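Everything below concerns the one structure shown next.
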Amino acid sequence: MNSYAEIIATIKKYDRIIILRHQNPDPDALGSQAGLATAIRQAFPEKKVLIGGNDTEGLIWLSKAQKVSDGDFAGALVIVCDTANRPRIDDQRFDDGAYLIKIDHHPNDDVYGDQLFVNTDASSCSEIIADLIDNTDDLQLTKEVANYLYAGIVGDTGRFLYPSTTQHTMNVAGKFIALGVDIAAINNKMNEVSLKQAKLQGFIYDILQIDKSGAAMAIIDHDLMDKLNLNQEEANSVVSTPGRLKEVTSWMEAVQKDDGTFRMHLRSQGPIINELAKAHDGGGHPLASGATAQNLDEVKQMFEELIKIVTDFNQKGE
Ligand code: AMP
C-alpha cells in the first residue's frame, strides 16, 4: 500500500496519463475517473491526460470516454480507478503503459499495479480521490472536479442510504456544497428513470420471490425485457428496488445477457454476500456484489445459497 504522497510523486513524473475504470461503469467509476483526470489537467495543463473505456449510454451526461491508441499507452502512467480485479478493467491494454497504479475501495482480492491505494472504509472511489486531492498542495478540489466526485459518492452510497456512508463521507460532500456544486441538480438527474424503467420497478414487486428468511430474488429474462422493451442497461438499473421492502433483507436480481447467461446483482442489508458472488465468477463489497450465472439452474442454486446465508445470519441473531 502506498501513501498519497507517493501516488502524487508518480503522477508528477509522467507527461502522459491514462485513467481507466471498470467495465459497465457506474457513477462512481466514471466520477472518480473523470474527477481525477480533471484535477490533474487543471493542475498540470502541459500533461496529456486521457480517460479510456466504453461509454454507458445512460451516463454520458456525467462523463464521456476518449479514444486511447496503442501509441498513447507506450511510456504512459496508467491509473485504474474503482476496479478490484484485472479482468474487469475496461481496457485490457492497462498493462501496456510504463507504470500502473490501482486506486480502489473494494476488497483488495487481486493485488495489481506498481503502486496501489486501497481503502475499503471509503464509501466510494470518488471519496478516495477527494482525500487524495485534500492531502496534497499539487492538486485542487475545484467545483468542476467536485461535480464528478459528488455524483460518484451519491451513486455508491445510494444517496447516503447505505451503511458505507460515514461522517467523513458527509464532511467531504459538505466541502463540495461549499464549492457551489448543485447537489439538487445532480441528485435529480441520478434519480431520473424512464417510464419503461418505472414500469419495471413496479413489475419487480410482482415477480420477486421472497423467502421467509428475508432472502429474495427477481429474474429479468429476455422475455420480460422484450415485453417491457428494455435493454440490458435499463434492466440493470432497478437493482436497489427490492431493498425498500420490509420483508427483504438480502436480494439478488438476475438479468439475462445477450449470450443467455445471467448478470447477477447481489445486495444486502446485513448478511455478507460477496463470498457467494466470488464463488460464482464475481466479487465486490460485503453488502453489494456482482456475479455471473451460466444458466437458470445456477441462478436458482445461487438463490438457495443466499437463503442459507440469510437463515444462518438470522439464527446467529446478528
Ligand atoms: P453491480 O451489481 O454490477 O452494481 O455490482 C455491485 C458491486 O460489485 C460493484 O462494486 C462492482 O464493482 C462489484 N462487482 C460486480 N461484478 C463483479 C465481478 N465480476 N467481480 C468483482 N466485482 C464485481
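FYI, the numbering just counts along the sequence from 1. Bear in mind the structure is a predicted one, so any value in this text is a computation, not a measurement. Atoms considered below: every heavy atom in the structure, side chains included; atoms not considered: hydrogens, waters and symmetry mates. Whatever order the structure lists them in is the order used to number ligands and atoms, beginning at 1.
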Restricting to pairs with a member in residues 120-134, which pass salt bridge (Lys or Arg N to Asp or Glu O under 4.0 Å), not counting sequence neighbours?
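For residues 120-134: D134-K175.
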Could I get the full list of salt bridge (Lys or Arg N to Asp or Glu O under 4.0 Å) partners for E234, not counting sequence neighbours?
K196
Between D223 and K227, is there a salt bridge with N-O shorter than 4.0 Å?
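No salt bridge links K227 with D223.
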Ion pair R21/D82, N-O distance below 4.0 Å
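Judged by the 4.0 Å cut-off on N to carboxylate O distance, R21 and D82 do not form a salt bridge.
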Pair listing, ring pair (Phe, Tyr, Trp, His ring centres under 6.0 Å) test, anchored in residues 114-153, at least two apart:
Y4-F117
The answer, listing residues by chain and number that come under 4.0 Å of ligand 1 through any heavy atom, is N85, R88, H106, R263, H265, R267, D281, G282, G283, G284, H285, A288, S289, G290
Please evaluate residues I220 and I204 with respect to the criterion side-chain contact (heavy atoms from CB on, under 4.5 Å), reporting the C-alpha separation (whole Å), side-chain torsions for both, the decisive distance (0.1 Å), and the verdict.
CA-CA 9 Å; I220 304 172; I204 289 284; 3.7 Å; yes
